[in-house]
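Side chains are part of it too, since the values below use all heavy atoms of this structure and drop only hydrogens, waters and symmetry mates. Residue numbers begin at 1 in each chain, while the letters A, B, ... track the order of the sequences.
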Amino acid sequence: MQNFDTILTLPSVFLDRNVLSPHFVPDVLPYREKEIEKIMLAVAPALEDQRPKNLFIYGKTGTGKTCTVKRVMAEFRKKTIFPQDVYVNCRMYNSRYRVMQKIGKTFISELDKVGFGISHFYEKLLEYIQVPYENGNQKRIIVVLDEIDMVKDLDELVYTLTRMNDEISSGSISMIGITNKISFKEVLDPRSKSSLCESEIVFSPYNSIQLREILAQRVKLGFVEGTVHDSAINLAAAIAAQETGDARYALKLLLKAGEIADEKKSFLITDREVEEARKNVDNTLVGEIIKTLPKHQQLVLIAICNLYNNIGHYQRLGQEENLEENRLLSGEVYEEYCKICRKFKRIPRSARWYREYLNELEMLGLITTVESSKGLRGHSRFIKPGYEPQQMLQILLESQQKSESETKVIYDSDL
DNA sequence: CCTCCACAGGAAGCGCAGGAGT
DNA sequence: ACTCCTGCGCTTCCTGTGGAGG
């Protein structure tokens, strides 16, 4: 008889899976000493009753931005008697209103209700900050805005917060903005930019040696000793470094590899488990991207995969050259896309917009396109799927069918 | 050489949804 | 509840590009 006790006592390579979660904050952050110091430098004035500088942090995903900031703020909290900082994930609090609400209710319990206008939060916060703590220290509020690029009306938010600083006679409020969009700074209003970016830190991607050490550290904490081969760690680090230097991805690989080892009951993580994990992780990643794609981008992708799989395609056209290269011309793909649209009972978008879709898909890495330099026509693009077309097609058709049943459209199956 | 072809991508404008202001 | 405004997804129109073919 299976019960929870037998499940829970199953042997496993894991000591503590939490250690491998992207939200885990380790005590020591390898190769981020300089960044930690810079953040501390920016925050430190708060401990001396001075206004901390605003700080802007950017770097690609998995470079430890959030982790480092959380680490520093944890240290900061040890030094303060009263709560002085808020962590706001802007993915959840994605407007000026929501951010202000979150800040407000963190410090003022009576604001923990809905229905107040933004000016109400503003006034209450002003009042709150201006009254010093019982020990006579002024209030030095630090707001950490993670994924700050998700805030729709960021310029207004930054403006509101900076104006707050100007209006109060004592105390202060500072911001730490975190984003992974490098180009993000450019779309910012110049005024917001100058106030938000008083000081800046760039987090560079990890290389394979650094990733290796990070992984080794987590392995020590998260896995049973002796279950993970050194070469497996190296491989996971190398794969992640080759991609983008994303530590989160590297950790995901290890987590999945561990699960595979448990499933196989081999309880040993070698290169092979990591390789398998890689396929698995990539697939689910691509699957996630595809599933969240807008309908028509999915349809374009179906058209591409469909044509790519259709071996006879270029033979019928008699274009042996393209058959060998197995590349598709953008015009043909558009025609196929229109056909697919008819089959799914949807009105095709214009060719102009279809080109825009192609660009989107390329940005996401789902397809690759090459400018046709020679051969056919002026400039046109050759299109290739970025991943296994068969696998993509499967995911695509699944998610199309799902959305069809949701919208109660009858599925035309003569595809 | 000119024109046509098949495409890329910019500019303008349109209809709609949702938020702000009244 | 009502307008007004704005951003978004999209279409239409247009200009530019470079080889093919007359």
What's the [atom1]-[atom2] distance between [X] and [N], to the nearest Å?
| X | N | atom1 | atom2 | value |
| --- | --- | --- | --- | --- |
| A/Arg355 | C/dT15 | CZ | C1' | 12 Å |
| A/Leu358 | B/dG9 | CG | P | 9 Å |
| A/Tyr334 | B/dC5 | OH | P | 19 Å |
| A/Leu328 | B/dC7 | CG | P | 12 Å |
| A/Met363 | B/dG9 | CE | P | 13 Å |
| A/Ile383 | B/dA6 | CD1 | C1' | 13 Å |

Test log, rule salt bridge (Lys or Arg N to Asp or Glu O under 4.0 Å), inputs A/Lys53 and A/Glu198: CA-CA 7 Å; A/Lys53 273 192 195 169; A/Glu198 275 179 358; over 6 Å; no
Which residues satisfy the side-chain contact (heavy atoms from CB on, under 4.5 Å) test with A/Thr292, sequence neighbours excluded?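 A/Thr292 satisfies side-chain contact (heavy atoms from CB on, under 4.5 Å) with no other residue.
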Using side-chain heavy atoms (C-beta onward) and a distance below 4.5 Å, is A/Gln217 in contact with A/Pro26? yes
Using a cut-off of under 3.5 Å, enumerate the N/O to N/O pairs linking the protein to nucleotides 4-11 of chain C.
from: C/dC10; atom 1: OP1; to: A/Arg349; atom 2: NE; distance (Å): 2.9
from: C/dC10; atom 1: OP1; to: A/Arg349; atom 2: NH2; distance (Å): 3.2
from: C/dC10; atom 1: OP1; to: A/Tyr357; atom 2: OH; distance (Å): 3.3
from: C/dC10; atom 1: OP2; to: A/Trp353; atom 2: NE1; distance (Å): 2.6
from: C/dC10; atom 1: OP2; to: A/Tyr357; atom 2: OH; distance (Å): 3.1
from: C/dC10; atom 1: O5'; to: A/Trp353; atom 2: NE1; distance (Å): 3.4
from: C/dT11; atom 1: OP1; to: A/Ser350; atom 2: N; distance (Å): 3.1
from: C/dT11; atom 1: OP2; to: A/Ser350; atom 2: N; distance (Å): 2.9
from: C/dT11; atom 1: OP2; to: A/Ser350; atom 2: OG; distance (Å): 2.9

Under 4.0 Å between a side-chain N or O of A/Ser330 and OP1 or OP2 of B/dA6? no
[X] and [Y]: side chain donor to acceptor below 3.5 Å:
| X | Y | result |
| --- | --- | --- |
| A/Glu167 | A/Tyr122 | yes |
| A/Asn180 | A/Tyr58 | no |
| A/Arg212 | A/Gln210 | no |

